[in-house]
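Before we start, here is the structure in question, set down as structure tokens.
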Amino acid sequence: MTTVAIAGSTGSVGTQTLQVVAAQPDRYRVVALAAGSRVDELVDQIIAVRPEVVALADESRLDELRQRLPVGVKTEILAGSSALSDIAGVADVTINAVVGFAGLPVTLGCLAAGKRLALANKESLIAAGPVVQSVRNTPGAELVPVDSEHAAIHQCLRAGRGATDVDRLQITASGGPFRGRTAAELASVTIDEALAHPTWSMGPKITIDSSTLMNKGLEVIEANELFGARAGTAGVGIDLERIEVVVHPQSIVHSMVTFTDGSTIAQLSRPDMRLPIAYALAYPDRFPTPFGAIDWSSVGRLDFEPPDRQGFPCLDLAYEAGRVGGTAPAWLSAANEVAVEAFLDGRISWADIPAIIAATMDTHDGQHADHIDAVLDSDAKARRYAGSIVGGNPSPSGVV
Ligand code: NAD
Ligand code: MG
């Protein structure tokens, strides 16, 4: 029996993780849940899985949560900003499905406890790369990606082991809802259009990131941290320039690895997050699941094209932050969170998002990211600067 903790259990990845676990009741037991503020969903989950401990980030809703639980529920309830770290190391596997920089305590806490981290929360790895790399060396600690592209690369690298060296990684992108649009058309897109992803159903932040291609840019930095030279012996020694993005609108090929002999290995499945979630929970085994298999007679064609770098400047902003390294990715990710929140609030237009990130990156102070304090400081400074441009009342980094 593998014990599982789910941080961000009420979100898109979190609820799909509960489905994967429920399909394998003899293999997995959920011992901990954590959520931001959605008490209704959390109460239902507690009643269904009876975890030992639950963390609620939004302390102001603690009383409401306690009152809503039926008599006889023995689950320990923790609340507040430190509660996430408290649940991070309690299970054999922790899935980090929190959205944004707020997921950092889960990433660090789980790895520092020497446990397996199934990582969906890319923002923590991107913002705190060097700090995460050092806790990744904790005896017993293991980082298995859940992001579908990185789960694909993880599988391709396993398949190609012993063949030849890795030459490059190709991360596939659906292109989002605005693929093929002209600059004039992009200037007037609406919130609803940006939220209508053509192939994946996901939470609002990553859906907007997909519409701007910032999600792909963040995934390039994520791949560099997971598999590149920055990952040391855990990686395959390639640099950022060898991590490429290719647009593939059908979202069937989830990413590829090209080896130095010219051979490319790809991973293909239906676009269903339950497959990479199941993979990260079961690794190095594979258990039968009904989620990913393709009916090849109905696939038709698979298309590939280069990304539109002019229309979607967030991609190159992310490459640049990855090249600079240090705290630059933390600034990028924080500025992006502020801009996306402002767009979803109707305070700025979609086309303002890259401009706000670029302006914030111009103020990056070049700090190294070798200590958590530097990462927290960078996140706060970038958020303050981006917040001063968008106005309104941007939330602090502990998004709920
Ligand atoms: P979501 O918005 O649907 O859910 C986010 C979850 O985080 C919710 O449970 C929310 O309560 C919780 N949360 C927010 N702030 C919190 C805090 N301060 N403390 C504790 N919990 C908090 O988001 P999602 O789409 O499930 O994405 C989660 C992460 O997974 C993101 O980093 C995203 O980039 C990544 N990801 C998602 C998908 C997908 O298909 N949804 C695919 C790949 C990667
Ligand atoms: Mg992805």
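Order of listing sets the numbers, starting from 1, for every ligand and every atom in it. Only a predicted model underlies this, so the values are computations on that prediction, with no experimental measurement involved.
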At the 4.0 Å heavy-atom cut-off, does A34 count as touching ligand 1? no

For K205, is the nearest heavy atom under 4.0 Å from an atom of ligand 1? no

Taking the side chain as everything from C-beta on, heavy atoms only, tell me whether P354 gets closer than 4.5 Å to I357. no

Of all the N, O or S atoms in D147, the one nearest to the Mg ion (ligand 2) is OD1

With heavy atoms only and a cut-off of under 4.0 Å, state how M202 meets ligand 1: side chain, backbone, both or neither. both

Just give me the atom name: the N, O or S atom of E219 closest to the Mg ion (ligand 2). OE2

Polar proximity ligand 1 side, G203 side, N/O cut 3.5 Å exclusive: yes

Should the pair H154 and F227 be assigned to parallel (<30°), tilted (30 to 60°) or perpendicular (>60°) ring geometry? tilted

Region of S12 that comes within reach of ligand 1 [heavy atoms, distance under 4.0 Å]: both

Cationic tip of R27 above F287 ring, under 6.0 Å, 45° of axis: yes

Given V13, I95, T207, V98, identify the one with the heavy atom nearest to atom 31 (C) of ligand 1. V98

Among the N/O/S atoms of E149, select the one at the shortest distance from the Mg ion (ligand 2) and name it. OE1

